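Okay, structure first, notes after.
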Amino acid sequence: MIATDSHETMTDHDPYTTIEESDRAFWGEAVADAIESREPTEPIVIKGGVSPSGVPHIGHLNEIVRGYVVAEVLRDRGHNVRQVFTSDDKDRLRKLPRRLADLDWNVVELGEVDAGALGRNLGKPYTAIPDPFGCCDSYGEHFTTLLARSADLLDIPIDVVSNTDLYADGTFEDITKYILDNQQSAREVLADYQNSVDAAYVPFQAECQSCGMLTDGITDVDPDAGTVSYTCQDVTVGEETIDGCGHEGTVSLREGKLPWRFEWPAQWSVLDVDFEPFGKDHAEGSWPSGVDIAQNVLDVQPPVAMVYEWFTLNGDALSSSAGNVVTAEEVLDLLESEVFRYFFCKDPRKQRDFNVAHIDQLVDEFDRLERVYFDEIEADADERERAEQVYPIAVDEPREGRVRIPYTFAAVLAMTDDPELREEIARREGHIPDDAPAWAVEDALARVEKARTWARRTDNAFNYDLKREELPAVDFDADTAAALDALADFVADGADGEAIQGRIYELADEYDLDVGDFFSAGYRLLFDLDEGPKLGPFLATLDREFVVGRLRRDR
RNA sequence: GGGCCGGUAGCUCAGUCAGGCAGAGCGUCUGGCUUUUAACCAGACGGUCAUGGGUUCAAUUCCCAUCCGGCCCGCCA
């Protein structure tokens, strides 16, 4: 329509510049600035959305948490913000996922449900497919529920909006009619982005009244009557072609959907969206065409945009089909939700690996952020500014006096199941201040279980495998053996951890052993390793009979 | 093939917008704490800022090319 202007307007809507062109230290502030400069009406609407195609993983959470970050910045500035999450559940099921999950996050293989029954639903809207678990009204509702629960787990309030409902309740009706009334202009605009758009293209997919599939075989449109006629023809989804049933019929504008390229800008219009983050896969396809359609077909202003890079998981692409996924529920077994939220506060423009093996580093980073925020450690001005802006978003109610036990040390504490002993060791090692309030101690110790889960799941160096059943193969010289016997006698007489620790040093001296070698002998006996937790206190946590027998190499 | 995003210490990451001595944490090493043992304290080591050119008094930063990782340019979302 205004071809000469299109380049210029696209530059204004380059989704990368929202953050790039700002001098803000924190991207959330940059985006908030861009939104405010539009002087939006309240409430400011922030949207995200995904198709409920299967088990939601941390990549999908970008659509919720990135928006939440900006929402919180705006709320802090006094704005009323509504965060909407559209479940794009009117989309076609294109492919069966390899794994599904029930509402309690128990993952099951496709083979464990009726895959054949599911497979007969390819090409139908997610909400028109029975829930394979039988607990929700549809396949779509099932996985939308899991998406909503993911948000709940992170304490992020969102309004979940079903796209299916928007069609069914008529919300989309006017705009659908408008697009069909203006098919010519719709085609011309979209044709710049999709080669397949020709004179016969109709921006509507009808839901076949006979087989339920969404078909592109539109034969006639009567905008005034509000009806679309179709022939149910074959549909290509991914690699496969699904046979249409050939049924000919006529449906209302509520019985079908707009193609995605139109549906997205239509959502902006009917939901009055002011900001939407999206993955880089949209940055050069859907987004520019969406902007063009919004401006030149629908005559609405596109929202402020932001591109986020995709996460990888343990170095590889997140992939439902390859099974390389991790859910919010699983992540929260390993770390606190505020740490996970912090992960999403990091620069969205960088590809980021969520690496379970290195989770301790992510947690350390968060702990440092917290200490910088509370001025407990020195930091330069940039880091302080970042902490001031980011920390209150990651943490709901910043509370002074909070205590954090270093993550790897929390893993060390997991060597004992005794909560009092955990606390005692943490205090002794200086990780819990004497004047720490009870709530802070309790919160701090809660990390121990998460770190234990991490150590076990990754089977790393912190996963103490006490060789309780069987004496590891050891071969000590006479002096070491004698010193171990003496230590056994000392333990047998009853001694606390610090006393045992001290005795180890004394015995090393008495028997002219290298202290390090003597400690290693102890770790060798217990773990078949050369290193381990502080030995004296650790021996004190175990039952005396076992320790004495083991030190004497009897059992 | 064309376009776009990213690449900074062994690891995890700031810094690049607006050119001005290359940064933090962790790890490693050394020393200290009248007991080095995954705690604590001090210090050190550690960099071709992916590579090669260009502009500049000065380039991690700006420009060009290349490499690597990824996305888009079919359909679909």
Side-chain angles (χ1 to χ4, degrees), chain A residues 14-17 19-25 30 49-51 53 88 90-95 123 126 163 193-196 205 214 216 235-241 259-261 263-264 278-288 307-310 312 315 317 346-353 355 357-365 367-369 371-372 377-380 382-383 386 405-409 411-413 415 425-431 461-462 464 498 501-506 508-509 514-520 522-523 529-538:
Chain A
D14 181 335
Y16 288 100
T17 58
I19 296 174
E20 263 167 26
E21 290 183 349
S22 170
D23 58 358
R24 294 285 196 172
V50 301
S51 302
S53 56
D88 296 333
K90 190 76 179 180
D91 296 349
R92 287 182 181 122
L93 173 68
R94 307 175 63 232
K95 191 174 147 192
Y126 290 110
N163 226 28
Y193 304 90
Q194 294 192 338
N195 296 332
S196 62
Q205 296 165 348
L214 284 165
D216 300 305
V235 169
T236 303
V237 288
E239 306 287 295
E240 284 188 78
T241 297
W260 163 249
R261 296 285 179 130
E263 187 176 74
W264 199 19
F278 47 84
K280 64 169 167 185
D281 53 331
H282 286 325
E284 311 218 24
S286 309
W287 173 252
V307 180
Y308 58 82
E309 282 284 329
W310 287 0
T312 52
K346 289 149 86 87
D347 193 337
R349 294 171 297 176
K350 299 219 181 198
Q351 295 170 181
R352 226 165 271 281
D353 188 36
N355 196 316
H358 295 156
I359 270 185
D360 56 314
Q361 295 188 325
L362 176 65
V363 179
D364 285 348
E365 224 180 278
D367 289 354
R368 180 180 170 83
L369 179 85
R371 287 193 294 268
V372 170
I377 51 173
E378 284 186 29
D380 62 32
D382 285 347
E383 194 178 1
R386 193 161 165 272
I405 297 171
Y407 194 77
T408 52
F409 192 76
V412 173
L413 288 179
M415 66 190 176
I425 297 172
R427 283 185 185 278
R428 185 176 58 224
E429 298 297 341
H431 293 303
F462 296 93
Y464 295 100
E498 284 306 315
Q501 182 78 0
R503 186 70 182 143
I504 292 171
Y505 283 97
E506 292 169 11
D509 190 45
D514 177 83
V515 174
D517 289 347
F518 191 43
F519 270 102
S520 288
Y523 297 126
L529 294 170
D530 288 326
E531 288 187 327
K534 195 167 181 178
L535 196 53
F538 181 73

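It should be emphasised that the depicted structure is a prediction, and the values quoted were computed from it without experimental measurement. Residue numbers begin at 1 in each chain, while the letters A, B, ... track the order of the sequences.
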May I have the distance from [X] (atom [atom1]) to [N] (atom [atom2]), rounded to whole angstrom?
| X | N | atom1 | atom2 | result |
| --- | --- | --- | --- | --- |
| A/Ile377 | B/G23 | CD1 | P | 19 Å |
| A/Arg371 | B/A24 | CZ | C1' | 13 Å |
| A/Asp347 | B/U12 | CG | P | 17 Å |
| A/Tyr16 | B/G6 | OH | C1' | 10 Å |
| A/Arg503 | B/U35 | CZ | P | 15 Å |
| A/Asp216 | B/A77 | CG | P | 8 Å |
| A/Gln501 | B/U34 | CD | P | 15 Å |
| A/His282 | B/C4 | NE2 | C1' | 16 Å |

Would you list the protein and nucleotides 67-69 of chain B atom pairs, both N or O, that sit under 3.5 Å from each other?
residue : atom : partner  : partner atom : Å
B/G69   : N2   : A/Gln351 : OE1          : 2.1
B/G69   : N3   : A/Gln351 : OE1          : 3.1

For the side chain of [X], counting heavy atoms from C-beta on, which of [options] is nearest?
| X | options | result |
| --- | --- | --- |
| A/Lys346 | B/C4, B/A77, B/C13 | B/C13 |
| A/His358 | B/C76, B/A14, B/U12 | B/U12 |
| A/Asn195 | B/C71, B/A14, B/G74 | B/G74 |
| A/Ser196 | B/A39, B/C75, B/A14 | B/C75 |

Pairing partner (Watson-Crick or G-U wobble, both distances under 3.5 angstrom) of [N]:
| N | value |
| --- | --- |
| B/G6 | B/C68 |
| B/A14 | none |
| B/A42 | B/U30 |
| B/C75 | none |

>> Is the ring pair A/Trp264/A/Trp287 parallel, tilted or perpendicular, if the boundaries are 30 and 60 degrees?
In response: perpendicular
Does [X] have any side-chain contact (heavy atoms from CB on, under 4.5 Å) partners at least two apart in sequence or in another chain, and if so, which?
| X | result |
| --- | --- |
| A/Asp517 | A/Asp514 |
| A/Arg503 | A/Leu487, A/Phe490, A/Glu506, A/Leu507, A/Glu510 |
| A/Thr408 | A/Asp360, A/Trp454, A/Phe462 |
| A/Val372 | A/Arg368, A/Ile377, A/Ala379, A/Glu383, A/Arg384, A/Ala387 |

> Yes or no on side-chain contact (heavy atoms from CB on, under 4.5 Å) for A/Glu263 and A/Asp91, after CA distance, side-chain angles and deciding distance?
Replying inline: CA-CA 10 Å; A/Glu263 187 176 74; A/Asp91 296 349; 3.8 Å; yes
> OP1 or OP2 of B/C75 sitting under 4.0 Å from any side-chain N/O of A/Thr236?
Replying inline: no
> Is any side-chain nitrogen or oxygen of A/Gln361 closer than 4.0 Å to OP1 or OP2 of B/G25?
Replying inline: no
> Charged N to carboxylate O under 4.0 angstrom, A/Arg92 versus A/Asp216?
Replying inline: yes
Can you tell me, in whole Å, how much space there is between the [atom1] of [N] and that of [M]?
| N | M | atom1 | value |
| --- | --- | --- | --- |
| B/A50 | B/G10 | P | 13 Å |
| B/G70 | B/U30 | P | 40 Å |
| B/C57 | B/C26 | C1' | 39 Å |
| B/C62 | B/G7 | P | 11 Å |

>> Applying a 4.0 Å non-hydrogen cut-off, can you work out what A/Glu383 is touching in the nucleic acid: base, sugar-phosphate, or nothing?
In response: nothing
>> Over all strands shown, is A/Val307 touching base, sugar-phosphate only, or nothing at heavy-atom distances under 4.0 angstrom?
In response: nothing
>> Less than 4.5 Å apart, side chain to side chain, heavy atoms only: is that true for A/Gln501 and A/Leu535?
In response: yes
>> Please compare A/Asp514 and A/Asp281 by the position of their nearest nucleotide in RNA chain B and report the one closer to 5'.
In response: A/Asp514
> Quick one: salt bridge (Lys or Arg N to Asp or Glu O under 4.0 Å) partners of A/Lys346, sequence neighbours excluded?
Replying inline: A/Glu365
> Can you name the salt bridge (Lys or Arg N to Asp or Glu O under 4.0 Å) partners of A/Arg352, sequence neighbours left out?
Replying inline: none
When you compare the protein's N or O atoms with those of nucleotides 16-19 of chain B, which come within less than 3.5 Å of each other, and at what distance?
residue : atom : partner : partner atom : Å
B/C17   : O2   : A/Ser22 : O            : 2.3

>> Tell me every residue that passes ring-ring contact (aromatic ring centres under 6.0 Å, His included) with A/Phe519, counting only those two or more places apart in sequence or in another chain.
In response: A/Tyr505
